[in-house]
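Here's the structure we're looking at; comments come further down.
These numbers were taken from a predicted model, which means no experiment stands behind them. Naming: A, B, ... by sequence-line order, numbering from 1 per chain.
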There are 2 protein chains.
Amino acid sequence: MSLRHALLGLLSERPASGYDLLKRFETSLANVWPATQSQMYTELSKLADAGMISVSAQGPRGRKEYTLTDEGLAELRHWLTGTKPQRNTRSDILLRVFFLGVLTPEQARGYLAELTEMSEQEYEGLRQLEESIDWGDDPLSVHGRIALEYGLRFNAMRREWAEWAAGQIR
Amino acid sequence: MSLRHALLGLLSERPASGYDLLKRFETSLANVWPATQSQMYTELSKLADAGMISVSAQGPRGRKEYTLTDEGLAELRHWLTGTKPQRNTRSDILLRVFFLGVLTPEQARGYLAELTEMSEQEYEGLRQLEESIDWGDDPLSVHGRIALEYGLRFNAMRREWAEWAAGQIR
DNA sequence: TACCTCATGTAATACGTTACATGATTAG
DNA sequence: CTAATCATGTAACGTATTACATGAGGTA
């Protein structure tokens, strides 16, 4: 049920079309909440039916620009303050760790080495993203940077853990 | 597609019934791959149909004990070594961070304070779990401890990040 | 005998992914 | 005039959640 809130959140900044939202997802939210094109257009229709967003302008090629309604903003605020974020997080990366015993020690260490490398690469990717963005003082910049910092710390942590873990296996 | 591998993984240790697997999930894998009762029984039927597990014993109350077949073990090994782990991790916790700008600074800091507390509690829960378990040298103990260590480091990281983040908001 | 735990299953619904399908507008 | 980009949508399928439904066996 969070894709809907992601869309409401993006629309709280400024009105946008499905296509716009798709592009903005790719460059920001995709890291924390991946979604496909199909899913977005479907969800936008549902949100419009529910009165949380409304078509505020039409453009060429059937473009429909959506604007957040008061009901939509209320729903967004409620999600942010009134619901517990205790969401179950699935990790196939960690799931595999439980079963490394069915492999040879070499294979198991190989898997952990892959994780080390993956973490390094993601870390570097985020570093470059950080440098490429012109950070301002606006709310978006502040919170975007906070999320990015999470990614950096997370990947640094995971890298160190994977290296430590490889040492535990003999 | 990972629930199936979680079940194959558990059955690689020893034969078990759906009910047994359900209990073992609750006390170990639930943290990395939550699954419901319905889902498990359905998946076990599919795995049996696919020849990856087989009914090795029947007990009272219709109990069916499943055993991993050679095909099942091969599939498990293939998943571990031959498939790339998805780093597609959804996090509604982090998603909210992007939109804290629609709240007052007090509310935003309140949210981050909740995350700090949540991380502390999870950390403590894992510490207690760590102490309550009699760790041996068997593969299960080694890999279970590695996964647990990840949880500890992750929550420590998240706590520090949430405290830092609260300081970024004015 | 009554209650708890063991034990399995199905149905309805929601959410997510992949693929298919179509067409308008703009830039070179 | 051709290709890329803009722009929207539907269909089929797979996975996940919630609720419903049933009953055997052990124990107080």
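Atom C1' of nucleotide dC15(C) and atom CG of Asp92(B) are separated by 15 Å, given to the nearest angstrom. As a whole-Å value, the separation of Arg24(B) CZ from dA7(C) P is 14 Å. If you take CZ of Arg61(A) and C1' of dG9(D), they are 16 Å apart, rounded to a whole angstrom. Straight-line distance from the CD atom of Gln58(A) to the P atom of dT25(C): 13 Å, rounded to whole Å. Remark: P of dG9(C) and CG of Leu21(B) are 12 Å apart, rounded to the nearest angstrom.
Arg63(A) has a side-chain polar atom (N or O) that falls below the 4.0 Å cut-off from OP1 or OP2 of dA7(D). Note on Lys23(B): every side-chain N or O is 4.0 Å or more away from OP1 and OP2 of dA7(C). The shortest distance between the side-chain N/O atoms of Arg4(A) and the OP1/OP2 oxygens of dA14(C) is not below 4.0 Å. Checking the phosphate oxygens (OP1, OP2) of dT17(C), a side-chain nitrogen or oxygen of Arg90(B) falls inside 4.0 Å.
With salt bridges taken as basic N to acidic carboxylate O contacts below 4.0 Å, none links Arg159(A) and Glu117(A). The pair Arg109(A)-Glu106(A) meets the salt-bridge criterion, since a charged nitrogen lies less than 4.0 angstrom from a carboxylate oxygen. The existence of a salt bridge linking Asp20(A) and Lys64(A) is excluded, since no basic side-chain nitrogen approaches an acidic carboxylate oxygen closer than 4.0 Å. A salt bridge links Arg96(A) with Asp92(A); the closest basic N to acidic carboxylate O contact falls under 4.0 Å.
Which of dG9(D), dA7(C), dT8(C) sits closest to the side chain of Lys64(B) comes down to dT8(C). Listed candidates were dT26(C), dT17(C), dT8(D). Nearest to the side chain of Tyr19(A) is dT8(D). Residue Tyr66(A) places its side chain closer to dG9(D) than to any other of dT17(D), dG16(C), dG9(D). Counting only heavy atoms from C-beta on, Gln37(A) has its side chain closest to dG9(D) among dA7(D), dT17(D), dG9(D). Closest approach to the Met1(A) side chain among dC15(C), dG16(C), dA24(D) is made by dC15(C) (side chain taken as heavy atoms from C-beta onward).
Ring-plane geometry between Trp79(B) and His5(B) is classed as parallel, the angle between the planes falling under 30 degrees on a 0 to 90 degree scale with a further cut at 60.
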Before you tell me yes or no, could you show the steps for Trp33(A) and Ser2(A) under side-chain contact (heavy atoms from CB on, under 4.5 Å), namely the whole-Å CA-CA distance, both residues' side-chain angles and the distance that decides it to 0.1 Å? CA-CA 8 Å; Trp33(A) 204 270; Ser2(A) 283; 3.5 Å; yes

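For DNA chain D, the neighbouring residues in residues 38-49 of chain A, judged by any heavy atom under 4.0 Å, are Ser38(A), Tyr41(A).
Judged by distance alone, the side chain of Ser141(A) and the main-chain N or O of Trp135(A) form no donor-acceptor pair under 3.5 Å.
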